[in-house]
Amino acid sequence: MMTLALLGLLACYTAGILLPPCLPGRPKAQNILANGSAIAASLFGILLGVTGLLASAPLNASLPSTLPLLAFAIRIDPLAAFFVLTISLAGLAVSVYALGYLAEFYGRSPIGLMGSLYNGFLLSMTLVIIADNGFFFLIVWELMSLVSYVLVVTEHENADVRYAGLFYLIMTHVGTAFIILTFLIFFQQTGSFSFEAFRHPEQPLAEGLRTLAFLAALIGFGVKAGIVPLHVWLPYAHPAAPSHVSALMSGVMIKTAIYALLRVYFDFLGGQFPWWWGFTILAVGAASALLGVMYALMEHDLKSLLAFHSVENIGIILLGIGAGMIFQTYGLPELAALGLLAGLYHTINHALFKALLFLGAGSLLYATHTRNMEEYGGLLRRMPWTGFCFLIGAVSIAALPPTNGFVSEWLVFQSLFLSFHLPAVFLKLMLPIAAAILALTSALALACFAKAFGLSFLALPRSAHARHAEEVPVAMRLGMGGLAAACAFLGLAPMVVVPLLDRVTGPLAGVSIEGRVLALDGWAVAPTNVEFSSISTPAIAVMLIALAGLGLLLAWIFGGRLKRRAYKTWGCGITLTPRMEYTATGFVQPIKRVFSTLYRPTVKLETEFLDESQYFAKRRRFEFHIEPVFQKYLYDPVVLFFSAAAGRLRIIQTGNLNLYLAYIFVTLILLLLTAV
């Protein structure tokens, strides 16, 4: 079954790459062909993921290659199957959505090329997950980066989009350089790029090389994951791409880096590491979670806001993984498995609710032609489907019960609070501090999405675009509805999710914890025991529904007969206008003041007075900026250094052919001398 699913997946993605350009001048047919192929491939991917998780042994396959050290080898074990399932679930919903969304690009972008690249993007992400050879992995990793870059610059006539694409391209290749270094360390020890050789080297790596591999992998894959301070490309690139591509980049592409970190640390390095490795992952996760949500709060661009929340959620995932690594170091495999399970649960949750939110943002952009929340307002009445789906995504990412985000964040909290089992006092203190940071992060995320939903969908429209907005086509609504249903299912059915995740974490941590985590026949989640801590999201959902019903019943009994009366909202005797509404800037003003040391806000107010009098303003212009600390103090100096070095080295580029031949001659002489 796994082989059949894999072949079906490869065949459908290949058809989606090759066939759309064969129908030039027929954008609708190209759209249907490209996304229809992606939908079929995603269905095969879901089948492959589920069967891979349930299989008793991994699927291995390989094709020969004429290039030395390269083998087209694949391996689908539970870890790979879980990530294939995650990619395919998001890919299915996004492809359905794209059937309607791409109509926006008819006549101004080549739909056939977009469809081919889209299928190539999904295929390359899947191949990254199942690759079992370092050389092959690097090829498909590079393919994934390049294809996503071309998709990011789809609207390349915009200078900001070109800048975002260039920034992304440079950063992703910096990351690739460190990934190559990671694999070269293993190659130096094994003489092979085979992952199987990496797993079982004849001689284990020396401690210094292990540490170098750990750090190189963290930087290399951390760039793609968007961890702080390597996240700077993400708020530029994700908003610049078409919204269905943004959903995949933010929802699943950055998760390929999480997969690769787990593969390197727990598979190639054997899951044995000093305590400070786990602490480093924990610290990076805490910093990413807190700073990601704090920068998101200041954004008025809805897609940029969502991009910063990806940084935050990658941090939450790393908190679970970091806790798992620390417990693994001290010989506590069950707690290590719990931390990993919490991180992976949040991985699939984030893939689904972040894809849903980006599709919701794409629907708002489709209907209003702007990403600025200051120009939204009152859209719930005009776009009820979009508003409802966006609300599901917002409460999920804000971790409100009984949603899927609540379950996974609660498990991360539990793994951090169990630090009293550790023998080291320092770590006993650090893990609860990380939990406190996570609590602050959750509170700020709730405030951020109260702002995003309230300003976008409630009150009065604040622009002509919002006043004339209409609900999006059926295909777009189906894509968002599918993801909303998946978020609800993952929140209400941990008894289904936990056993599947246990098949992933069991081989990594060396122990199964399904029986320990699930209690009351699966209707409650209890990481230690029911008396210590437990939750039951189905019970919470039933209780909420019952309380709502009880409230309606009491209103009906004691409120008398209901009469519908329609009045305008009372506004102290004056007519309400959109200018009286709470703005995005005003909403975050208190938070901006509290954290002004971090934000370093700059406010610029320009006033133009009437000619008749300097006491009466004719026009006022208000600008507000926060300082991009990492870009200003970390990246800009590096760019200036290399620009200056390049300027000095320019003197060797004279345009004289004789001099260039002399360079070559001297280089050859030096190489010969070195060889001797």
Side-chain angles (χ1 to χ4, degrees), residues 109 117 121 124-125 141-180 218-257 284 287-288 291-292 294-296 298-315 354 358 361 365 371-372 625-647:
S109 295
L117 291 170
F121 184 40
S124 61
M125 285 192 291
W141 181 272
E142 191 66 8
L143 183 66
M144 177 182 73
S145 301
L146 291 176
V147 171
S148 58
Y149 160 73
V150 179
L151 286 168
V152 165
V153 297
T154 297
E155 297 180 273
H156 53 82
E157 62 277 6
N158 187 331
D160 291 339
V161 170
R162 293 198 298 274
Y163 175 78
L166 180 62
F167 201 171
Y168 169 52
L169 196 64
I170 292 172
M171 288 298 295
T172 195
H173 281 90
V174 170
T176 302
F178 281 92
I179 296 169
I180 292 173
L218 179 59
I219 296 172
F221 295 116
V223 172
K224 185 68 77 181
I227 62 173
V228 170
L230 306 172
H231 68 288
V232 289
W233 63 272
L234 202 146
Y236 290 101
H238 287 194
S243 295
H244 67 304
V245 177
S246 303
L248 289 179
M249 290 181 71
S250 198
V252 292
M253 186 188 75
I254 60 176
K255 307 302 187 324
T256 59
V284 168
S288 300
L291 293 178
M294 289 181 69
Y295 282 113
M298 295 298 115
E299 283 294 335
H300 301 171
D301 181 321
L302 184 56
K303 291 181 72 174
S304 295
L305 179 149
L306 296 176
F308 272 116
H309 271 288
S310 292
V311 179
E312 174 220 344
N313 282 276
I314 285 293
K354 182 48 66 67
F358 261 111
L365 180 60
R371 303 190 321 229
N372 187 357
H625 300 284
I626 61 172
E627 191 170 275
V629 175
F630 293 104
Q631 191 166 339
K632 183 175 180 179
Y633 296 106
L634 181 60
Y635 290 93
D636 287 352
V638 174
V639 172
L640 288 174
F641 170 77
F642 280 104
S643 297

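This is a predicted model, so every value here is computed, not measured. Because only heavy atoms are used, hydrogens play no part in the values below, and waters and symmetry mates are left out as well, while side chains stay in.
Atoms CG and CE, on L151 and M253 in that order, are 10.5 Å from each other to the nearest 0.5 Å. Of the inter-residue distances, the one linking L166 atom CG with Y149 atom OH reads 6.5 Å to the nearest 0.5 angstrom. Atoms CG and CZ, on L218 and F178 in that order, are 10.5 Å from each other to the nearest 0.5 Å. Taking OG from S310 and CD1 from I254, the interatomic distance works out to 4.5 Å, rounded to the nearest 0.5 Å. For the atom pair CE (M125) and OG (S148), the distance works out to 8.5 Å, reported to the nearest 0.5 Å. Atoms CD1 and NE2, from I314 and H309 in turn, are 14.0 Å apart once rounded to the nearest 0.5 Å.
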### Message
With side-chain contact (heavy atoms from CB on, under 4.5 Å) as the criterion, how do L291 and H231 come out once you've worked through the C-alpha distance, each side chain's angles and the decisive distance to 0.1 Å?
### Response
CA-CA 10 Å; L291 293 178; H231 68 288; over 6 Å; no
### Task
Could you give me the CA-CA distance, side-chain angles and deciding distance for L117 and T154, then say whether side-chain contact (heavy atoms from CB on, under 4.5 Å) is met?
CA-CA 11 Å; L117 291 170; T154 297; over 6 Å; no
#### Entry: V245 vs V152, side-chain contact (heavy atoms from CB on, under 4.5 Å): CA-CA, chis, key distance, verdict
CA-CA 8 Å; V245 177; V152 165; 5.6 Å; no
### Task
I would like to know whether Q631 and D636 meet side-chain contact (heavy atoms from CB on, under 4.5 Å); could you show each step before the answer?
CA-CA 6 Å; Q631 191 166 339; D636 287 352; 3.8 Å; yes
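Listed by chain and number, the residues in a side-chain contact (heavy atoms from CB on, under 4.5 Å) with P235 are F308 (sequence neighbours excluded). For N372, the side-chain contact (heavy atoms from CB on, under 4.5 Å) partners are H300, T370, E374, E375, not counting sequence neighbours.
Relative ring orientation between Y163 and Y236 is described as perpendicular, the plane-to-plane angle rising above 60° on a 0-90° scale split at 30° and 60°.
In this structure a side-chain-to-backbone donor-acceptor pair under 3.5 Å is present from S145 to W141. Side chain of K255 to backbone of G251: a donor-acceptor contact under 3.5 angstrom is found. For R371 (side chain) and L302 (main-chain N/O), no donor-acceptor pair under 3.5 Å exists by modelled atom type. With hydrogens and angles ignored, the 3.5 Å screen pairs a side-chain donor or acceptor of K354 with a backbone N or O of L306. Not one N or O on the side chain of S288 forms a donor-acceptor pair closer than 3.5 Å with the backbone of V311. With hydrogens and angles disregarded, no donor-acceptor distance shorter than 3.5 Å links the side chain of S250 to the backbone of S246. One N or O on the side chain of S124 and one on the backbone of F121 form a donor-acceptor pair closer than 3.5 Å.
What you find for L169 and L146 is that their closest heavy atoms are CD1-CD2, 4.0 Å. Nearest heavy-atom pair, L230 versus Y635, reported as atom, atom and distance to 0.1 Å: CA-OH, 3.4 Å. Across all their heavy atoms, K224 and M144 have their closest contact at CE-CE, 4.0 Å. Considering all non-hydrogen atoms of both residues, E155 and A240 come closest at OE1-O, 4.5 Å. Contact between V223 and M171 at its shortest, heavy atoms only, is CG1-O, 3.2 Å. Shortest non-hydrogen contact noted between S304 and E299 is CB-OE1, 3.4 Å.
In this structure, W233 has its ring center under 6.0 Å from that of Y168.
The closest side-chain donor-acceptor pair between S243 and K303 falls under 3.5 angstrom.
More than 12 heavy atoms of other residues, nucleotides or ligands shown are found within 6.0 angstrom of CZ on F630.
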